[in-house]
Every structure is written in structure tokens, then in C-alpha cells.
2 protein chains.
Amino acid sequence: MLHTYKYPRPALTVDCVVFGFDGGDLQVLLIRRALEPFKNRWALPGGFVHLDETLDEAARRELEEETGLREVFLEQLHTFGAVDRDPRERVVSVAYFALVKPSAATAATDAAEADWFPVASAAPLAFDHAEILATALERLRDKLRREPVGFELLPPKFTLSQLQRLYEAVLGTALDKRNFRKKVLGYDLLVALKETHREGAHRPAQLFRFDPAKYRRLKKKGFLFEL
Amino acid sequence: MLHTYKYPRPALTVDCVVFGFDGGDLQVLLIRRALEPFKNRWALPGGFVHLDETLDEAARRELEEETGLREVFLEQLHTFGAVDRDPRERVVSVAYFALVKPSAATAATDAAEADWFPVASAAPLAFDHAEILATALERLRDKLRREPVGFELLPPKFTLSQLQRLYEAVLGTALDKRNFRKKVLGYDLLVALKETHREGAHRPAQLFRFDPAKYRRLKKKGFLFEL
DNA sequence: GAATAAGGTGTAAAATGGACACTATGTCAA
DNA sequence: TTGACATAGTGTCCATTTTACACCTTATTC
């Protein structure tokens, strides 16, 4: 069945930049293209927007179809509309960026032709996906410093060292351990658990969890997280 | 001539939230719709994206066609894709936000069925334009505090009082005069001119201009404007 | 039980942010 | 001419925040 319009229209797609963190590097989830153009190249998961779904819904649907990921942190990033970004025809793409926890992350690769790459070594990508990735990275850095969103990249229970390593990996700077802990705990958004995390031949670390309800309450009062 | 595709496609438009400042209130530029739906309602200037232009180009073109404005500060805001945001058919709109200087602002209303409204009293708007406006306002407040962008809403030569009034109008808070001046001048981004601005029965005010080159240099060194 | 490896803690100095009130300089009208 | 008026312009002190910095703790392993 064909669809006819009075004026020509660009095709509309969504693409998702999915970030993960393995404890060392910040990673992106890419899928290997099965078809031309850019056959066998790595690309961001994404696809066409259906008429009966919002953009957010389209992004979530494509993400699940192509990577099996569900219920991730997802947010609209920017819309890319260079005239020749797709060699076949005019395609405008609404890019999203997503953050996934390590548990979900491993599930993603079990399915599909998907794999994780350290963001630093994720080239070459199909289409203008390198540009989209760069934009997403910029946004992630910004967001991480202004909103308590890092927890979306960590397990539900995590140590302060893990959190600090995440910040250091994303921001690309070394942080002072005492100052970091003082500041993070000062916001009173982390709950110390009665468990510790033991790993390696050294003292075990206190586990914490993030308290989203507390954050929502604080945010309503015009509070600003900043790191 | 008709255009046919294998799968249905949403129509793609751009809409512009154009902000201006008259010295008192923050204003938005709206146009009166000549056609159904929402005939005679006020709406954001915008229109369909052509196949041979980028999204930015489409936004600038529509802005000029509908309001006569050229060479304004323009930036992509967010893409709105609720399924029923247009009663006729599926339309996805890439929203932009623009800042215009008072000189350009007066020109805009000479043309077209366009007029300025204080942002507080801009309802009711066509489509989901109230939501788009709210999103733009939020973004403007954010941007104003983190980047020296307020100058885009002022004449090339302005006084510190004008700048302060702008910040107060947009942020909705009163600011301390001495602290404001200390901070703004401390960034060393304003150049004091050899002119003054006289108006009313009182002491004339020093005129300044913004130095964009200096700002670019500072920004490269990882400097953050914050107010 | 000694070596190892990461976890966890406090203080002092510097920089920043916020509160606060008076003088300066022009216009205008009596 | 002079005094009332209206906005321009200026500095200090205190509280808070930020930064720099080093050692002891607690587990494991051999």
C-alpha cells in the first residue's frame, strides 16, 4: 500500500545513543548494520517513526527491537537534519540519549548484532552518527554535573569509589576523594546500606543506594545539584 | 504533483519561539493564523520543512517569510511529536528559539500579522504552542544563567541597568545592583564605551558593548559564565 | 604476621557569594 | 538659581564554599 502527499516529505527516524559504564570506560552500544548503505558498519540503534506513536515511544520501541533494552533512562537529545546525512534520500532523525545500568547492559549484547564500545574508540560509524555521538557525550557531561543522573549508569547498590570512577571517566578529570565524598554525601541523596562490597585483597566498601524520592522533594524546593 | 512513499510519513515543520525585550517585559513574537485550524488564533511562526534545506535553514526561512526577521540568534530547542498535536494529521515539529534585538524587533511588527506579547499573557495559543513556549522559557532562563547570551536581547550599546532589568525580567527575581555589576564586570566581557546614555531627569549611564571575541577565547580555556 | 591494596576520614587557607547604604550627576520646575 | 527628583555608581564585612593535602583502617593473600 502506498501513501501519497501533496508535497514531498523527509523520512523521520529516531536514533539512540545508549551509554553504559563497565567500571572503567564509558561505553556506547552500537549495532552492526545488516543492509546497505553502510552495510556491516557500526551504527546507533534506531529506525522509522510510526504514525501512531510519539517520538519517545518510537525511540523506546526501536531500542527494544534492536537491543532488547527496556525501561532505561531516555531523553531527547537533538534533531539532525543535514540534507545529505542519508545517501538514499532525505531523512531527518530525532536523536535520543539513554543511560543503562550494568545488569541491563549485559543483557543487551546477548541479543542481536549489538556490542559495547568505549566511546573513545567507537569510530567509524555509519551516517552522521559520529556527530550525534559527540553531541550526546557533550550533553552527558553537562547533565552529570548538574543533575544526579550518574546512578542510572551504576547498579542499584554501589560504592562511592564506583561513583567517583564514573564521574572521572565521563568528565575526564581526576577528582579528590575526600572532597568528592564530602560533596556527594552533603546532598543527602544517598542512603548507606547495611551491606558492604568486597572485592580484591583490601578493605570492603560501604554500599549506598540513590534515593529518588528525596531528590524529587529537594528539586521541588528549587534545589540544584552541582558537581 | 504528488509524492508517494511506501510507508506513511508524518509532516515535518519548524516553529520558532522568538523572544524580545522592551526594557520591561520579556516578549514573544506571535502571528495570527489566517487559516483553519485555529483560524485567527495566535501561533508561533513556522511552517513546513523543504527537502533541500536543513532544519536551521527552514527555521530561518519561515522566520523571515512570516515576520521579516533576519540574522537573529537562533538555536534548536526540542522536537515535539505528540500524535494528535495537529488535528488534521500527524505533524512533527522541530521547535527553535530565537533572540532578537530591539531594533529588529520593531521591524518585525511593521510587516505581517505579527505582534509582540508579554510572555506572561500570551495565551491562548494554537496547537501545542503553549507547551513549546513554556519549554523555550525554561531553556532561556537556563541559558541566560550559564552563557552570556542576554546581549542578544539588547541593543549593541547598553547600560548595566538595562542588562540587570533584563535578567530580572527573565529570571523573575530581584538582583542586588552592586553584586550584579561586580560579577558581570568581573568576567571582563564588557567594553566600556566613551558614550553615555541619557534618558529622563537623572544622571546618564555608562554605555557598554559585549565583546564576543573575548568570550570565545575564554570559552576555549574551559571558562564557565554563571550568574 | 607482614605485605598489599583500596576504603575511609579532617582541617586550614583561599575564594566566592550575599547583605547592605550612601554619594554622584544629570533634568526639570518653582 | 536652586532644590527636588530619579537613576547611576561605588566598597566592605561576614558567611559559606571550595580547594589542597596525608594518614590510618580493614580486609586479603602468602
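Naming convention: chains lettered A, B, ... in sequence-line order (proteins, then strands); numbering from 1 in each chain.
Distance, B:H197 NE2 to C:dG26 P: 15 Å, rounded to whole Å. Rounded to whole Å, the distance from CG on A:N179 to P on D:dC21 is 11 Å. Rounding to whole angstrom units, CZ of residue A:F180 and P of C:dG10 are separated by 18 Å. B:R181 places its CZ atom 18 Å from the P atom of C:dA21, with the value rounded to the nearest Å. The nearest whole Å value for the distance from the CD atom in A:E199 to the P atom in D:dT29 is 12 Å. Distance A:Y187 OH to D:dT18 C1': 12 Å, rounded to the nearest Å.
At most 12 heavy atoms of other shown residues, nucleotides or ligands fall within 6.0 angstrom of atom CD in A:E138.
Counting any heavy atom pair closer than 4.0 Å across all strands shown, A:R198 reaches sugar-phosphate atoms only and no base atom.
Ion pairing between a basic and an acidic side chain is recognised when a charged N comes within 4.0 Å of a carboxylate O; B:K143 and B:E75 show such pairing. Electrostatic pairing of B:R61 and B:E57 does not count as a salt bridge here, judged by no charged N lying under 4.0 Å from a carboxylate O.
For the contact set between residues 156-178 of chain A and DNA chain D, defined by any heavy atom under 4.0 Å, the members are A:D176, A:R178. In the region residues 200-209 of chain A, proximity to DNA chain C at under 4.0 angstrom, judged on heavy atoms, holds for A:A201, A:H202, A:R203, A:P204, A:A205, A:Q206.
Taking only distance into account, the side chain of B:K182 meets the base of C:dG18 through a donor-acceptor pair shorter than 3.5 Å.
No donor-acceptor pair closer than 3.5 Å links the side chain of B:R141 to the backbone N or O of B:L171. A donor-acceptor contact shorter than 3.5 Å is absent between the side chain of B:H129 and the backbone of B:A43.
With contacts defined as side-chain heavy-atom distances shorter than 4.5 Å, the pair B:F127/B:T13 does not qualify. The side-chain heavy atoms of B:V119 and B:D25, taken from C-beta on, include no pair separated by under 4.5 Å. At least one side-chain heavy atom of A:L163 sits under 4.5 Å from a side-chain heavy atom of A:F180.
Applying the side chain to side chain contact (heavy atoms under 4.5 Å, CB included) test between A:F151 and each of A:F73, A:F210, A:F208 identifies A:F210 as the sole match.
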